[in-house]
Peer 1: 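There's a structure below that I have some questions on.
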Amino acid sequence: MTINAWDWDRNWKCVQVFEGRTHVIMNLSFHPKHTNTFASACLGRTVKIWNLTSGTATLSLEAHEKGGVNSVHFYPGPDKPYLLTAGDDRTFCVWDYLSKSCVATMEGQTALVSFAAFHHALSIIVSGSENGTFKIWNSGSYRPENTLSYALERAWCVAGANDVAVGFDEGLVVIKMGRDEPTFSMDTTGTLIYSRNTSVLISNLDIGKDDDAPDGARVNLVAIVSDDGTYVLKFDRALYDQHVENVVV
């Protein structure tokens with residue numbers, strides 16, 4: 001059982017072969033930050049982590065005691081070395097892959113778990129199983145928050161960003177998750193309060209005033225993405241309603 005890497009810019013030439021698997025490979029997942037790193041799940045109960053430049057695994061983890069591992073998915077943030085595994089034993093697990101320790105085990109599915117994935121922005125985990133259910137879990141408490149069923153037979157795969165697409169035996173469902181736009185509010189001192197997903201953030205802005213500008217004029221912003229992936233908002237020129245005295249979030 002092998003994994004092949006192909007280069008489509010070179011007429012789909014096979015550039016690397018990854019060996020060492022003895023069971024059917026079910027799923028691959030690339031690390032969101034370290035793009036040369038990926039993980040594989042197989043029916044032999046293990047997860048392996050690989051580097052694109054090497055044909056041998058850099059790490060091996062026995063993820064489930066019974067049955068195979070159907071999917072693997074890296075945590076999207078930079079602060080936790082976590083990955084998710086979903087198994088035939090009707091559970092999915094959160095692992096610290098650096099220490100090879102299990103952080104949490106989620107139970108509650110009545111059939112094998114086909115997939116489990118972190119949402120890229122919201123504090124949730126989504127999972128699907130062969131009984132046709134799609135579950136939403138809190139990624140902080142690891143407790144279930146909602147269970148959806150669309151009577152489309154077995155759930156097999158998931159993909160998406162804010163909108164999550166779930167593939168079933170009998171069709172495809174797209175589920176809208178979270179907000180598309182953040183909420184902002186600023187008072188007369190230049191204190192900006194805004195929400196990003198489940199977090200409420202505060203920034204103190206150095207505002208340049210123009211006495212000749214009318215109240216309520218548009219604020220010109222420059223958004224800069226820092227190295228850690230966070231957004232920094234800076235004012236090119238800030239003109240605002242001087243009658244605003246309260247901030248509402």
Side-chain angles (χ1 to χ4, degrees), residues 3 18 21 23-52 57-64 67-109 112-130 133-146 148 154-168 173-175 177-178 197 229:
I3 302 167
F18 305 89
R21 282 299 195 181
H23 294 80
V24 174
I25 299 164
M26 298 296 290
N27 180 243
L28 303 177
S29 175
F30 274 91
H31 195 287
K33 305 298 180 183
H34 309 293
T35 53
N36 280 331
T37 300
F38 70 95
S40 65
C42 82
L43 293 183
R45 301 186 299 178
T46 60
V47 166
K48 291 182 181 290
I49 295 180
W50 313 75
N51 190 288
L52 283 177
T58 59
L59 183 146
S60 182
L61 173 70
E62 186 168 322
H64 293 262
V69 183
N70 297 314
S71 78
V72 61
H73 189 257
F74 280 104
Y75 175 73
D79 56 324
K80 297 175 183 178
Y82 286 179
L83 57 78
L84 278 171
T85 62
D88 286 344
D89 58 1
R90 302 180 182 181
T91 69
F92 69 91
C93 303
V94 179
W95 295 89
D96 183 325
Y97 58 82
L98 295 182
S99 64
K100 294 186 178 182
S101 59
C102 183
V103 177
T105 299
M106 271 61 69
E107 301 175 336
Q109 299 278 12
L112 68 83
V113 184
S114 305
F115 62 81
F118 291 102
H119 193 278
H120 80 106
L122 302 176
S123 298
I124 60 173
I125 297 170
V126 296
S127 69
S129 104
E130 282 202 356
T133 59
F134 176 78
K135 287 182 177 289
I136 302 171
W137 308 71
N138 186 298
S139 62
S141 65
Y142 303 116
R143 296 182 180 275
E145 293 191 345
N146 204 349
L148 305 174
R154 296 172 295 183
W156 285 115
C157 57
V158 65
N162 284 345
D163 295 340
V164 174
V166 186
F168 297 86
V173 174
V174 178
I175 305 167
M177 313 287 287
N197 304 321

Peer 1: Has the side chain of Asn27 got a donor or acceptor atom that lies under 3.5 Å from a matching backbone atom of Val72?
Peer 2: yes
Peer 1: Kindly indicate whether the side chain of Phe30, heavy atoms from C-beta on, has any atom under 4.5 Å from the side chain of Leu52.
Peer 2: yes
Peer 1: So, taking the atom named OG1 in Thr37 and the one named OH in Tyr97, what distance separates them when rounded to the nearest 0.5 Å?
Peer 2: 7.5 Å
Peer 1: Quick check: Phe134 with Phe168 (ring centres under 6.0 Å apart)?
Peer 2: no
Peer 1: Looking at Pro76 and Phe118, what are the two nearest heavy atoms and their distance?
Peer 2: CD-CB, 3.5 Å
Peer 1: Within this structure, what is the OH-CD1 distance for the pair Tyr75 and Ile125, rounded to the nearest 0.5 Å?
Peer 2: 10.0 Å
Peer 1: Within the 4.5 Å heavy-atom criterion, are Ser29 and Leu83 side-chain neighbours or not?
Peer 2: no
Peer 1: Less than 4.5 Å apart, side chain to side chain, heavy atoms only: is that true for Val164 and His119?
Peer 2: yes
Peer 1: Using the ring of each side chain (for Trp, its six-membered ring), is Phe38 parallel, tilted or perpendicular to Trp50, with breaks at 30° and 60°?
Peer 2: parallel
Peer 1: Can you name the closest pair of heavy atoms from Glu62 and Trp95 and give their distance?
Peer 2: O-CH2, 3.8 Å
Peer 1: Report yes or no: does Asp88 contribute a side-chain atom to a donor-acceptor pair with the main-chain N or O of Gly68 at less than 3.5 Å?
Peer 2: yes
Peer 1: Taking the side chain as every heavy atom from C-beta outward, state whether Lys80 and Val103 have any atom pair closer than 4.5 Å.
Peer 2: no
Peer 1: Applying side-chain contact (heavy atoms from CB on, under 4.5 Å) between Phe92 and each of Ser71, Ser127, Ser129, report the one that passes.
Peer 2: Ser127
Peer 1: Considering non-hydrogen atoms only, spot the tightest contact between Ala116 and Ala86 and give its length.
Peer 2: N-CB, 3.9 Å
Peer 1: On a heavy-atom basis, which atom in Ser40 and which in Leu28 lie closest, and how many Å separate them?
Peer 2: CB-CD2, 3.4 Å
Peer 1: What closest approach, in Å, do Ala63 and Cys93 show between heavy atoms, and which atom pair accounts for it?
Peer 2: O-SG, 4.4 Å
Peer 1: Any non-hydrogen side-chain atom of His34 less than 4.5 Å from a side-chain atom of Phe74?
Peer 2: no
Peer 1: Taking the side chain from Thr58 and the backbone from Ile49, do they hold a donor-acceptor pair closer than 3.5 Å?
Peer 2: yes
Peer 1: Would you call Met106 and Val94 a side-chain contact if the rule is heavy atoms closer than 4.5 Å?
Peer 2: yes
Peer 1: Applying side chain to side chain donor-acceptor pair (under 3.5 Å) between His64 and each of Asn70, Thr46, Thr85, report the one that passes.
Peer 2: Thr85
Peer 1: Between atom CD1 of Ile136 and atom CD of Glu145, what is the distance when rounded to the nearest 0.5 Å?
Peer 2: 7.5 Å
Peer 1: At what distance, to the nearest 0.5 angstrom, does CG of Leu61 lie from NZ of Lys100?
Peer 2: 7.0 Å
Peer 1: Looking only at non-hydrogen atoms, find the nearest pair between Val113 and Arg90 and report the distance.
Peer 2: CG2-C, 3.6 Å
